Amino acid sequence: ASKNGGRNRATRFTADLEEERELSRALERDLALALDDGQLRMVYQPIHSIAGGEDEVEALVRWQHPLLGEISPARFIPAAERSGLMVQLGYWIVQRALDDLSRWPHLSMSINLSPLQLQQDGFVGFLMDCCRQHAITPQRVILEVTESLSIERNTRALMTLNLLRNAGFRIALDDFGTGYSSLCMMKTFKFDRLKLDRSLITDLGKDPTSQAVFDAAVTMALRIGAEVVAEGISEEGLVDPVRSAGCTHVQGYHYSRPIEAEAVNGYYESGPTVDRKSDRKVA
Ligand code: C2E
Ligand code: MG
Ligand code: MG
Ligand code: MG
């Protein structure tokens with residue numbers, strides 16, 4: 001029975017893989033149309049400074065597929081990277097996001113970049129032009145990168161990052177602690193900010209090992225002079241451990257989910273949502 005079960009499992013696994021490939025090809029095909037068809041939009045998740053710095057949002061792309069419903073960017077960004085659409089999509093995201101930011105003069109904004117964008121000719125010029133057109137100083141824009149294409153070994157991307165930093169943009173290393181980002185990267189490039197991945201945060205307050213690992217990551221970031229954002233604060237219980245570790249910024253469902261562009265001004269006008277002293281959410 002076990003042999004048979006094994007074969008069935010293997011067949012099912014192969015079928016799943018085939019289905020997965022098929023779906024991924026379909027996504028790549030549909031994405032090209034989605035961009036022209038207005039199926040993509042940006043949403044914005046608040047990032048709160050514990051120290052009382054400026055208010056911020058992170059720009060996150062959404063795809064409302066006509067048949068499949070909302071598709072996660074964790075899924076379609078990789079599809080865009082494979083199909084060669086990422087560069088075009090990236091230009092669209094930056095333009096959309098900075099256009100929104102021009103209507104929020106009191107905010108700073110984080111924008112996620114694919115490593116492919118960093119290798120694009122003229123990308124630095126494009127970003128600077130886009131800022132100039134919208135009367136946005138680069139200082140208000142934080143560019144988030146991950147190591148997925150290994151920036152260390154990619155001199156082109158590294159050069160672009162240096163140019164961007166010299167132009168006044170701040171550079172953040174996203175998803176720190178996930179294995180895509182290594183300690184060596186800290187020596188290769190001077191990041192302005194580290195974003196500690198949700199997986200480092202989930203078990204805080206439950207187990208001392210998690211707390212030790214988290215505290216060490218925060219200490220390292222602070223010692224190299226970087227800001228530290230704790231991502232994925234989804235519940236009240238995570239606030240104290242993150243705060244006592246010394247993080248400079250917090251972000252997560254506990255404070256706010258990503259919100260529509262139209263809701264951003266209202267969110268910040270409705271008063272401070274974080275009591276800076278206790279870092280408690282004020283209802
Ligand atoms: P990321 O840049 O690390 O973004 C944070 C993700 O965590 C977002 O998912 C956000 O909605 C989610 N999140 C925030 N707080 C919480 C929480 O408390 N609990 C949980 N469970 N999740 C939380 P999202 O929007 O689905 O994006 C997933 C990833 O897709 C992003 O991870 C980023 O790597 C990529 N991505 C999203 N938008 C863009 C974009 O415009 N450009 C590029 N290149 N990548 C993007
Ligand atoms: Mg990010
Ligand atoms: Mg992240
Ligand atoms: Mg990510």
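Being a predicted model, the structure only gives us computed values, none of them experimental. Order of listing sets the numbers, starting from 1, for every ligand and every atom in it.
Residue D175 counts as close to the Mg ion (ligand 3), with an N, O or S atom under 2.8 Å. Among the atoms of E144, no N, O or S atom falls under 2.8 Å of the Mg ion (ligand 3). Among the atoms of S110, none of the N, O or S atoms falls under 2.8 Å from the Mg ion (ligand 2).
No side-chain donor-acceptor contact under 3.5 Å links S256 to the backbone of G252.
Here atom 22 (N) of ligand 1 lies nearest to Y253 when heavy atoms of Y253, F76, Y255, W92 are compared. When the options S72, P73, P46 are ranked by their closest heavy atom to atom 36 (N) of ligand 1, first place goes to P73. The option with the heavy atom closest to atom 14 (C) of ligand 1, from among E144, Q45, R198, is Q45.
Atom numbering of ligand 1 starts at 1 in the shown order; those under 4.0 Å from a heavy atom of I93 are 40 (C), 41 (O), 42 (N).
Taking the N/O/S atoms of D174 in turn, the shortest distance to the Mg ion (ligand 3) belongs to OD1.
The shortest separation from a heavy atom of R257 to ligand 1 is not under 4.0 Å, leaving the residue out of contact. In this structure, Q251 has no heavy atom closer than 4.0 Å to ligand 1.
On a distance-only criterion, V61 and ligand 1 share at least one N/O pair closer than 3.5 Å.
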